[in-house]
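Side-chain atoms are counted along with the backbone in the values below, which use heavy atoms only and exclude waters and symmetry mates.
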Amino acid sequence: MNDTAYADAPDPGAPDLDALIVGAGFAGLYLLHRLRGAGFRARVYEAGGGVGGTWYWNRYPGARCDVESLSYSYQFDEALQQDWEWTERYAVQPDILRYANHVADRFALWPDMQFETRVAAAHWDDDAGLWQVRLEPEGGAPETVTARFCIMATGCLSTANLPDIPGRDSFGGATYHTGRWPHEPVDFTGLRVAVIGTGSSAIQSIPAIAEQAAQLTVFQRTANYSVPAQNRPLDPDEVAAVKADYRGLREEAKTRFGCFVVDLPRPSALADSPERRVAEFERRWQTGGLTFMASYEDLLFDPEANDTAADFVRAKIRETVRDPETARKLMPIDVIGCKRLCVDTGYFETYNRPNVRLIDIVERPIREITESGVAIEGEAIAADAIVFATGFDAMTGTLKRIDIRGRDGLLLRDAWEAGPRTYLGLAVNGFPNLFTITGPGSPSVLTNMMPSIEQHVEWVSDCLEALRGRGATVIEAERAAQDGWVGHVNDLADASLRSTCSSWYVGANIAGKPRVFMPYIGGYPAYAARCAEIAAAGYEGFAIR
Ligand code: NA7
């Protein structure tokens, strides 16, 4: 096979595509651009009606990224990052969606993307060395497309979790899930609204909903830590300074755990005096955002150190929320940073509004949802609308819902019955020519997703070029390499306090989901270095033919 064989599709037995990409979020868009540029015949299939992935679906009021806009953006094209104008420190969902559309326009991606088309199944044909992918276009007849490679750019938080509360479907008013928000504006003016959940999506949407609703009742199962975003319009001088050396900022980010630049941590919370420590936490609190957890190196390793940060946030809640009983309920008791830290704008302050009420459903469990609202222990709470801010079947949910069958008909959902097993979070033994962008076992959700996506896209694209260069058509992660990687991912997770609580990182939010810490917790720099070494060693740990 020569260098252009994939691109030219010369023989009649060749697959329809070199690479079939599932999903038109930031991973899918860049994959398409990059693979097309490398001469591959690639095409994106997307269930939604447009590009943007997470940012296409999560349109709830107040939706905003918790990584700063100047860092939460592509860096693969210098002209793009120079031209695009972010206006706020943290971009709102409509701006991020506009950016995704701009990228699709700018790189003329539209002709090679098909929307409102769900990928229902992908079956590996070992004899032909290709994937048979079943597409289900909305309102159209299903069809099968063949592809040499199948690349899952399906996102980490894309399958909504709708809790199985008795009577859920009997509710007479409108229901919403934050991750499936309607495209038409939703107006809560004058309505009694119930919000179930107090994760990031709830914490962002509650202040916005409270401004409209006549009455807002929040149903909280677990109190959550949140720090203020301290969002603000971007200062043109600060933008100019970043753009003068954008590459420098990006390169520095790649040396940081989460792949974004924050002030470096001090070594140990316990080594500082209480006064010095509070001053440091206060400085970070005033700076705003995820930098708070970077105050000290030991916050996620030493429970005593962690307590100092947790105490600081609890004191802030006590100071902010006027009703002591509400403040008590809002104060989390578990490890701070174990669940993803939330970043808010006026969340705790919202509970001082007369139209907002908090129900702790551990103290007063939800009995059922009725036609007219939510019935808890001893009380029926009337509602005109219910917002489920109840999160996602994270990291594996979407992949396990697709009928993915590898060699010998092995089902991915069976292979992952006891938890996801991958090599580098990129490939799965038994599933040749399948790649998972930011899959379980990669840093993904513990890092700035944009550079992590770019790193994976470039690794996969380079890999496909290397295969083409060698005249190879099939690549598969070896079992031993995968076992070694899974062991390494678990060992790292066990050393961190992050694996100790019931978070979506360990699948605890989904009934029956095996408890496994899914993302790689060793940080971006170590991970990217390992991926590069493996590629440089001729794709060590992969069988290639
Ligand atoms: P999360 O962070 O998973 O939050 C979901 C929330 O919903 C959380 O407070 C859950 O409580 C609550 N929940 C889930 N199921 C139920 C039931 N059955 N009853 C009551 N409450 C429930 O999802 P988000 O969408 O907020 O954020 C996801 C990520 O997006 C976030 O981490 C950022 O990365 C961006 P629990 O804590 O499980 O007790």
| task | Verify whether one side chain among Thr144 and Arg134 offers a donor that lies under 3.5 Å from an acceptor in the other. | result | no
| How many angstroms lie between atom OG of Ser268 and atom CG of Asp298, to the nearest 0.5 angstrom? | 4.0 Å
| task | Looking only at non-hydrogen atoms, find the nearest pair between Arg498 and Cys338 and report the distance. | result | O-SG, 3.4 Å
| request: With the side chain counted from C-beta on, respond yes when Arg284 and Asp263 share a heavy-atom pair under 4.5 Å apart, and no when they do not. | output: yes
| said: Under 3.5 Å, is there a donor on one side chain and an acceptor on the other for His102 and Asp83? | reply: no
| query | Is the side chain of His456 donor-acceptor paired with the backbone N or O of Thr438 at a distance under 3.5 Å, no angle test? | reply | yes
| field | Polar side-chain atom of Arg530 near backbone of Ala526 as donor-acceptor pair, under 3.5 Å | value | no
| request: Return yes when atom CZ of Arg118 has more than 12 non-hydrogen atoms of other residues, nucleotides or ligands closer than 6.0 Å, and no otherwise. | output: no
| request: Please determine if Arg59 forms a cation-pi arrangement with Tyr56, meaning its NZ or CZ atom is less than 6.0 Å from the six-membered ring centre and no more than 45° off the ring axis. | output: yes
| message | I'd like to know if the side chain of Glu476 reaches the main chain of Ala543, judged simply by a donor and an acceptor atom lying under 3.5 Å from each other, with no hydrogens or angles considered. | response | no
| query | Within 45° of the ring axis of Phe40 and under 6.0 Å from its six-membered ring centre, is that where the NZ or CZ of Arg468 lies? | reply | yes
| request: For Arg407 and Asn429, indicate whether the former's side chain and the latter's backbone hold a donor-acceptor pair under 3.5 Å. | output: no
| message | Would you say CD of Glu143 has more than 12 non-hydrogen atoms from neighbouring residues, nucleotides or ligands within 6.0 angstrom? | response | yes
| message | Between Glu458 and Tyr30, is the side-chain hydrogen bond (donor to acceptor under 3.5 Å, both in side chains) condition met? List the steps. | response | CA-CA 9 Å; Glu458 287 163 16; Tyr30 184 33; 2.5 Å; yes
| note | Separation between CG (Leu399) and OG (Ser158), nearest 0.5 Å, reads 7.5 Å
| Looking just at side-chain N and O atoms, do Lys513 and Thr396 make a donor-acceptor pair shorter than 3.5 Å? | yes
| message | Just checking Tyr520 against Trp485, ring centres under 6.0 Å apart? | response | yes
| task | Starting from the C-alpha separation in whole Å, work towards a yes-or-no answer on salt bridge (charged side-chain N to carboxylate O under 4.0 Å, His left out) for Glu252 and Arg256. | result | CA-CA 7 Å; Glu252 191 180 351; Arg256 302 299 186 86; 2.8 Å; yes
| query | Among side-chain atoms of Thr447 and Ser452, is any donor-acceptor pair under 3.5 angstrom? | reply | yes
| said: Donor-acceptor pair, distance only, cut-off 3.5 Å: does the side chain of Asn306 make one with the backbone of Val335? | reply: no
| message | One pair to check against salt bridge (charged side-chain N to carboxylate O under 4.0 Å, His left out): Asp126 and Arg545. What are the steps and the verdict? | response | CA-CA 12 Å; Asp126 206 34; Arg545 60 182 156 92; 3.0 Å; yes
| said: Whether the side chain of Arg64 engages the backbone of Tyr90 through a donor-acceptor N/O pair (distance < 3.5 Å, no angle test) should be reported. | reply: yes
| field | Nearest atoms (heavy-atom pairs only) where Ile475 meets Cys463 | value | CD1-SG, 3.6 Å
| field | Full working for side-chain hydrogen bond (donor to acceptor under 3.5 Å, both in side chains) between Arg250 and Gln81 | value | CA-CA 11 Å; Arg250 303 297 199 175; Gln81 67 179 4; 3.0 Å; yes
| Within a radius of less than 6.0 Å around CZ of Arg180, do more than 12 heavy atoms belonging to other residues, nucleotides or ligands occur? | yes
| Are the side chain of Glu46 and the backbone of Ala24 linked by a donor-acceptor contact shorter than 3.5 Å? | yes
| query | Does a donor on one side chain and an acceptor on the other come within less than 3.5 Å for Asp66 and Tyr72? | reply | no
| query | Are Phe542 and Trp459 near enough that their ring centres are under 6.0 Å apart? | reply | yes
| remark: For Gln132 and Asp125 the tightest heavy-atom approach is NE2-OD2, 3.8 Å
| Do Asn161 and Ile510 come close enough that some side-chain heavy atom pair is under 4.5 Å? | yes
| Leu290 side chain reached by Val262 side chain, heavy atoms, under 4.5 Å | no
| Between Trp110 and Asp105, do the side chains contain an N or O donor and an N or O acceptor separated by less than 3.5 Å? | yes
| remark: Taken to the nearest 0.5 Å, the spacing of Asp393 CG from Asn509 CG works out to 7.0 Å
| request: Determine whether the side chains of Asp16 and Thr146 contain a donor N or O and an acceptor N or O closer than 3.5 Å. | output: yes
| field | Smallest separation among heavy atoms of Ala229 and Arg89, with atom names | value | O-NH1, 3.2 Å
| query | At what distance, to the nearest 0.5 angstrom, does CE of Met293 lie from OH of Tyr225? | reply | 9.5 Å
| remark: Rounding to 0.5 Å, atoms OG (Ser73) and CG (Leu80) come to a distance of 8.0 Å
| query | How about Trp84 and Tyr99: are their ring centres within less than 6.0 Å of each other? | reply | yes
| Mind checking whether Tyr74 and Phe26 have ring centres under 6.0 Å apart? | yes
| said: Hydrogens and angles aside, do Tyr524 and Gln455 bring a side-chain donor and acceptor to less than 3.5 Å of each other? | reply: no
| Got a donor-acceptor contact below 3.5 angstrom from the Thr422 side chain to the Pro440 backbone? | yes
| message | Tell me which pairs pass salt bridge (charged side-chain N to carboxylate O under 4.0 Å, His left out) where either residue lies in residues 484-494, with sequence neighbours left out. | response | none
| Under a 4.5 Å cut-off applied to non-hydrogen side-chain atoms, are Arg340 and Tyr505 in contact? | yes
| said: Checking His33 now: which residues fulfil side-chain hydrogen bond (donor to acceptor under 3.5 Å, both in side chains) with it, not counting sequence neighbours? | reply: none
| Roughly how far apart are Glu280 CD and Phe292 CZ, rounded to 0.5 Å? | 9.5 Å
| request: Return the minimal non-hydrogen interatomic distance between Gly439 and Ser444, and the atom names on each side. | output: O-OG, 4.3 Å
| Glu78-Gln82 side chain donor-acceptor pair, cut-off 3.5 Å | yes
| query | If only atom types and distance count, is the side chain of Tyr246 paired as donor or acceptor with the main-chain N or O of Leu70 below 3.5 Å? | reply | yes
| request: Spell out, as yes or no, whether a donor-acceptor pair under 3.5 Å connects the side chain of Glu454 to the backbone of Phe76. | output: yes
| query | Which heavy-atom pair separates Arg43 from Pro111 by the least distance, and what is that distance? | reply | NH1-O, 3.1 Å
| task | Establish, from distance only, whether the side-chain atoms of Gln114 and Thr117 form a donor-acceptor pair under 3.5 Å. | result | yes
